[in-house]
Each structure stands twice: as structure tokens, then as C-alpha cells.
Amino acid sequence: MIIGKRHLILAALVIALGAAVYLNWQFAPTEEMIDPSGSTLMADSLIDAEYAATTPVSSSADAAAMDEEAVEAGRRQNSFEKARKDRDDTRREALSTLREIIDDPALDNSQKTEAVNKSAAIAAAMEKEAAIETLLKAKGYSDCAVVISDAEVNIIVPTGGEALTSSGAAVIRDLVIGQIDVMPGSIKIIEVK
């Protein structure tokens, strides 16, 4: 009877992990290109840059302003991409290590159970991060990155050079609290200007 319960728990965790991976895949950028400098660029950024390069400009001042805006937008986008990539790389490494623990026949069941529980927690965090990012984009943020850890939730949002208003911060906190059980003081909002 105990073995049946363990199989059910393991199956539920595998399904949760699969759902988290699917959501991550569904909401992750799909078309990446590498430029000669080695940095990763999104296809949409390239299209926007190509459009800006082929669009006639009325004056050199307008061209300089457009160049500065394009560079700034690219820098902001790259910071969000880097934050998500760093988060995902860290999670992949942790899941790989936990998988090795689960697959190691020399370890006892309590260690394997702990590894399965940690894997499930990581999968749940990944699912919540994807949901929060989607909801923030639905609220009008052009991009964002969410990192959930044991102690806090870090939200990285663009502010376009302006400070985030207290009502804007309250909306973000309410959105996060609606998705994950966390105290408002554990939510850190990081503004990218």
C-alpha cells in the first residue's frame, strides 16, 4: 500500500514538473538569433531595428533620439532576457542534481523523497513565475522577469525612466499575492529604467 502511495506522489510530481516545463516552453522566446558579437537577440528586436534603419528620418536630431531609444530598449530587453536565462540555468542545474539523487540506488528513500519534494517545489515556483510574468504583461508591462526563492519574490519590471508609483507597486504586489502565498514585505520590485 505504501509503494502505491509513493508512486502516486511521484506521478503527481512528474506531472507538475511536466506542466511547469511546458509553461516555461510556451512562454519562452522561440526565435533567437546570434549576432556577430556573440550576444543573443530576439527576432522581434531585429525586425524593429531593421524597420528603424529603413524608415526615413526627418532630421539628424530625430535620428539620434531614435538611436538612443533603440539602444536603451535593447539594453532593457537584454537585461530581462539575461535575468530569465540566469534563473532558468540555475533551475536546470538544481533539477539535474536532484535527478541524480533520485536515480542513485545507493541513497536511502528519505534522501530521494527530499529530492522529489525539492523538485516539486522548483516546478511549482517555475509555474508561478510564468503565470506572474504573463499577468504582468497583461497589465501593460512590456517585459518583466520574476524570480521566486524560499525567502522572497523578486519582480523586475521596466519603468521607462520614471519611478514606479506606489499604486503601480501595489498592483504588482496584489498580483503576486494572488498567485503565491507570500507576505507583502517579501516581495521586492526592481525597476529597470
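Heads up: numbering here begins at 1 and tracks the sequence. Just so it is clear, the model here is predicted, and its values are computed rather than measured.
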For this session: For the pair K128 (side chain) and Q179 (backbone), establish whether a donor and an acceptor sit closer than 3.5 Å, ignoring hydrogens and angles.
Result: yes
Seminar exercise, completed: side-chain contact (heavy atoms from CB on, under 4.5 Å) filter on L136, not counting sequence neighbours, yields I132, Y141, C144, V146, I155, V157, I172, L175
Exercise. Going only through I, L, V, M, F, W and Y residues with side-chain contacts under 4.5 Å, is there a path from I177 to L164?
Worked result: yes
Exercise. Partners of D108 by side chain to side chain donor-acceptor pair (under 3.5 Å), sequence neighbours excluded?
Worked result: S110
Exercise. How would you list, by chain and number, every residue that makes a side-chain contact (heavy atoms from CB on, under 4.5 Å) with K188, sequence neighbours excluded?
Worked result: E152, N154
For this session: Decide side chain to side chain contact (heavy atoms under 4.5 Å, CB included) for L95 and S119; before the verdict, give the C-alpha distance in whole Å, the side-chain angles of both, and the deciding distance to 0.1 Å.
Result: CA-CA 6 Å; L95 288 171; S119 294; 4.1 Å; yes
Problem set entry | Heavy-atom closest contact (E162 atom, E191 atom, distance) | O-OE1, 4.0 Å
For this session: Applying salt bridge (charged side-chain N to carboxylate O under 4.0 Å, His left out), name anything that partners E114, two or more places apart in sequence or on another chain.
Result: K118
Exercise. Should R92 and D89 count as an ion pair when the cut-off is N to O under 4.0 Å?
Worked result: yes
Problem set entry | Charged N-O contact under 4.0 Å between E133 and R87 | yes
Problem set entry | Hydrophobic cluster identity match, V182 and I189, side-chain contacts under 4.5 Å | yes
Exercise. Of all residues at least two apart in sequence or in a different chain, which pass the side-chain contact (heavy atoms from CB on, under 4.5 Å) check with D104?
Worked result: A106, L107
Problem set entry | D88 bridged to R84 by N-O distance under 4.0 Å | no
Seminar exercise, completed: Sorted by chain and number, sequence neighbours left out, salt bridge (charged side-chain N to carboxylate O under 4.0 Å, His left out) with R173 holds for none
Exercise. Taking only residues two or more places apart in sequence, or in another chain, which ones meet T165 in a side chain to side chain donor-acceptor pair (under 3.5 Å)?
Worked result: S167
Exercise. Stepwise, does the side chain to side chain contact (heavy atoms under 4.5 Å, CB included) test hold for V192 with T159?
Worked result: CA-CA 6 Å; V192 177; T159 58; over 6 Å; no
Exercise. What are the two closest non-hydrogen atoms of D143 and P158, and how far apart are they?
Worked result: O-CD, 2.8 Å
For this session: Indicate, with yes or no, if L135 and I148 share a hydrophobic cluster defined by side-chain heavy-atom contacts under 4.5 Å among Ile, Leu, Val, Met, Phe, Trp and Tyr.
Result: yes
For this session: Identify, with sequence neighbours excluded, every residue that meets side chain to side chain donor-acceptor pair (under 3.5 Å) alongside D174.
Result: none
Exercise. After noting the C-alpha distance and the side-chain angles of E81 and D86, does the key distance pass the side chain to side chain contact (heavy atoms under 4.5 Å, CB included) rule?
Worked result: CA-CA 9 Å; E81 289 172 15; D86 290 346; over 6 Å; no
For this session: List for me each residue that meets salt bridge (charged side-chain N to carboxylate O under 4.0 Å, His left out) alongside E100, sequence neighbours excluded, and say none if there are none.
Result: none
Exercise. Which residues pass the salt bridge (charged side-chain N to carboxylate O under 4.0 Å, His left out) test with K139, sequence neighbours left out?
Worked result: none
For this session: Using side-chain contact (heavy atoms from CB on, under 4.5 Å) as the criterion, list what pairs up with D181, not counting sequence neighbours.
Result: none
For this session: Please name all residues satisfying side chain to side chain donor-acceptor pair (under 3.5 Å) with S96, sequence neighbours left out, ordered by chain then number.
Result: none
